[in-house]
Amino acid sequence: MNKVVTMAEALSRIKNGQSVMIGGFLTVGTPQGLVDAIVDSEIGELTLIVNDTAFADRGVGKLIACDKVKKVITSHIGTNKITGKKMHAGEIEVELVPQGSLAEKIRSEGAGLGGFLTPTGVGTAVEENKQVMEFDGKKYILERPMGADIALIKAHKADTSGNLVYRRAARNFNPLMAMAADLVIVEADEIVEAGELDPDEVMTPCVFVDLIVRKESPNESA
Amino acid sequence: MNKVVTMAEALSRIKNGQSVMIGGFLTVGTPQGLVDAIVDSEIGELTLIVNDTAFADRGVGKLIACDKVKKVITSHIGTNKITGKKMHAGEIEVELVPQGSLAEKIRSEGAGLGGFLTPTGVGTAVEENKQVMEFDGKKYILERPMGADIALIKAHKADTSGNLVYRRAARNFNPLMAMAADLVIVEADEIVEAGELDPDEVMTPCVFVDLIVRKESPNESA
Amino acid sequence: MNPRERIARRVARIFKDGDVVNLGIGLPTSVANYVPDEVHIVLHSENGFTRVGPAPEPGQEDPDIVDAGGMPVTILPGGCCFDSATSFAIIRGGHLAATVLGALEVDQEGNLANWMIPGKLVPGMGGAMDLVAGARKVIIAMEHVTKNGDPKIVEKCDLPLTGARKVNLIVTELGFMEVTPDGILLRELAPGVTVEEIQSKTGATLILPDQIGVMTA
Amino acid sequence: MNPRERIARRVARIFKDGDVVNLGIGLPTSVANYVPDEVHIVLHSENGFTRVGPAPEPGQEDPDIVDAGGMPVTILPGGCCFDSATSFAIIRGGHLAATVLGALEVDQEGNLANWMIPGKLVPGMGGAMDLVAGARKVIIAMEHVTKNGDPKIVEKCDLPLTGARKVNLIVTELGFMEVTPDGILLRELAPGVTVEEIQSKTGATLILPDQIGVMTA
């Protein structure tokens, strides 16, 4: 089953108002081609789930700068001044989640769990409106899973059946988000035939992946 | 920091009555050299945490056959007739845990979580004496983390600082158990210098590993 | 055709192209031999890899590549390996289109018992409870009655459950059945089997639709 | 020596050989420059790798290798990469010997505030709450007072907390302090700093041991 499609085909599957997880840490590991395609599209009113909102002119931050986002769930907005401005102006809703809890909430959804208990945030504002449980004198917050309609993933290599390999610190949230969305779209630097990746080299099994687009080289996009 | 030691040094760190997690699925991915060393030692009264009890004469099952184990926590004992016999005779305590819950309990300990909610076992004997929580009409069992004093891990390759690579289906519980014990001892087919493994090839980061022994070739052990 | 092959052949025709499927040990494993050529399924092995392939040629066995029953197999092109937590994330997270399992008992509510007989046989549940809880479709593939001729499809399971209200389809050498909110619907009968015969060997009252299909092999 | 270098140099001498350590953005990151040659620590970067190395030569930057602040770095031999769930498993699971973080406020109970100023600055907590919850030792490295000269070490934090009762050590350009169950113990004073000076710039009453050491750089 060949999962490779064109950017236009992939984009046609994303709808107004959907929740979209996008991999990346600042700009590293962000599927920038998919992000830019949304920027140039009619798609809007998105709920974004991202580690951080990157920069106003780079990474997922462009989606916020160009008014594609009504809500963002993230661990950090400090690098993108526009996120903070829009938040204070009431133009965007921001939900802040500790980075480790955000990663684990996404994994929890992908793994079919109903949630997990974490010590992170105990005694802070993070525990507001959440159940706190105590075992052996240690307190934990019950965090619930978090999924999305769409996940946009950046891979270094993909095979045509959807097995993925990431590179260096560009892995970050990508393998987790690939488990947790109804539709998983991958932007890959390089696409190889199924069977060309060693089974032990694969970081995201094909079973999680729906569609693959090839990253356009600067030449092609010009 | 070079973590490579002799089998004797590694063995000297395991004490009577400790809890010991051992990687492997049936016999695949089992650190057989470490298991055999315990069989030949004075160490006993162990609590074993294993996916299955393998066979009476192969894998971790030898520990049960030679009376080293007072309790075993596992998902399956069907392949080792001696486990069942000793259980029915009251000579060994057996706690059965669904395989996915066992894996997740071990990961949960390694990840510093207080537990997780799983749909596995709802409406069965597994939910006895456990808290059941319901969200959006779906029931989950609250499973608590599980750690051990010792983890015995089988790696295909290790570097001297403790980064590990597994091979094919020999990975199974090994990366999880490597996160969840106070002392983690690895038996590796091959040991290379730190820096010889590509950073993206490593499956268990060195931060989890304490000691490494080299698997003896049949020649050496003869 | 022997009963077990008839069962496996019918189960094999349930899958759709692209389905990710986990097959239990024993009869369910043999289902892989009969999947139609035009349907490409991805077989998941809970001990940690996808795209389970056939047994290797004698002498070509890789000791690190066995199925969940410990039998030497191969990994087909496009397969990959993972740890047990990821393997069960695939299972529990709804990423399997289907699982095929055997049963000691299955009842009209969709309850399944297949992991122990108190005081007699306690092999353990292995991955079965996770498979039943997580697969999008749970298919039971088994001979219709026990060796003693007792029904395995019953009104209410007596044995300890593997999963509650999770079974969707039941395939035996006598027929193809679906568990519905109202009970067990008889969708197909094997050639030469009458409604009276299958009902007499079943411990629950089967629901009979207007049209009962033929369970071809 | 400038105050920030003095702080970084003292923090760098806290570690033991083999310690796995996460350094926060800013001043804490500079601690890596002063670790004694005979002490080998493993630097963890929460965006997904170990053995963070120094910045590469200009022109040698790898766009996929940056630290958690987005600055180009290198991976030393023996380093490895992982996803964010594993990265925070390392943090939360007690596998870090220490984390070094800055602070807006820290109080005598060991409470830390460093992620927001209501109505003014809300960058978010990033990984700080996990680091504080999970590292075996939480070390605060910061200038002793704010730009306005107000104490950052207080009796009770006013700002929203990053973690409750988690701080172990506080290092400023004036001194080296330990948070004990009884309050903040002054263990070392920087050369030329008097007890009166450090106390006057501190919002909580410091506990004075019989012997106060010298905080050499």
Side-chain angles (χ1 to χ4, degrees), chain B residues 1-5 103-116 145-148 151 155 157-166 171 174-184 186 191-212, chain D residues 15-22 35 37-53 62 64-67 73-99 127 129-136 138 163 166:
Chain B
M1 184 165 273
N2 190 324
K3 297 177 180 173
V4 181
V5 298
E104 197 67 22
K105 283 164 77 76
I106 295 167
R107 178 189 179 276
S108 195
E109 172 75 21
L113 301 174
F116 59 93
M146 184 182 293
K157 285 193 217 175
D159 73 19
T160 52
S161 74
N163 290 300
L164 308 182
V165 174
Y166 309 97
R171 195 178 324 184
N174 282 302
L176 311 171
M177 290 175 170
M179 299 166 69
D182 293 339
L183 182 77
V184 176
V186 175
I191 300 175
V192 301
E193 289 302 313
E196 288 189 42
L197 298 174
D198 185 276
D200 287 330
E201 175 188 11
V202 173
M203 300 173 188
T204 287
C206 65
V207 301
F208 296 128
V209 171
D210 297 298
L211 304 174
I212 307 164
Chain D
F15 309 128
K16 293 196 303 291
D17 199 44
D19 276 358
V20 184
V21 176
N22 184 295
V35 177
D37 285 343
E38 68 277 15
V39 176
H40 304 92
I41 65 173
V42 175
L43 284 181
H44 168 271
S45 194
E46 69 263 31
N47 52 327
F49 58 103
T50 52
R51 297 200 197 270
V52 183
D62 180 329
D64 288 340
I65 305 178
V66 301
D67 67 15
V73 291
T74 47
I75 301 178
L76 298 174
C80 69
C81 304
F82 31 78
D83 67 35
S84 297
T86 302
S87 188
F88 282 85
I90 291 172
I91 291 171
R92 217 193 293 101
H95 307 285
L96 291 184
T99 186
M129 284 194 181
D130 300 281
L131 284 163
V132 170
R136 299 202 298 274
V138 176
K166 288 291 183 185

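No experiment lies behind these values; they were computed from the predicted model shown. Below, read A as the first sequence line, B as the second, and so on, with proteins coming before strands; counting in each chain starts at 1.
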J.: Minimum heavy-atom separation for B:C206 and D:R51, please, with both atom names.
T.: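 That closest heavy-atom pairing would be SG-NH2, 3.6 Å.
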
J.: Looking only at heavy atoms and a cut-off of under 4.5 Å, which of B:A180, B:G162, B:G147, B:G195 has the most pairs with chain D?
T.: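 Heavy-atom pair counts peak at B:G195.
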
J.: Compare every heavy atom of B:P205 with every heavy atom of D:I90, then report the nearest pair and how far apart it is.
T.: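 For D:I90 and B:P205, the tightest heavy-atom pair comes out as CD1-CG, 4.4 Å.
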
J.: Where does D:D130 contact chain B at under 4.5 Å (heavy atoms): side chain, backbone, both or neither?
T.: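 Neither part; nothing is under 4.5 Å.
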
J.: How close do B:N163 and D:G78 get, heavy atom to heavy atom, and via which atoms?
T.: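 Nearest heavy atoms, B:N163 then D:G78: ND2-O, 2.7 Å.
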
J.: Chain B heavy atoms under 4.5 Å from D:A85: which part of the residue, side chain, backbone, both or neither?
T.: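 Both backbone and side chain.
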
J.: State the SG-CE distance between D:C80 and B:M203, to the nearest 0.5 angstrom.
T.: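 That separation rounds to 11.5 Å.
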
J.: Please state whether the side chain, the backbone, both or neither of B:M179 comes within less than 4.5 Å of a heavy atom of chain D.
T.: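 Both backbone and side chain of B:M179 come within 4.5 Å of chain D.
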
J.: Heavy-atom pairs under 4.5 Å with chain D: which of B:G110, B:P145, B:G112, B:P199 has the most?
T.: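 It is B:P199.
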
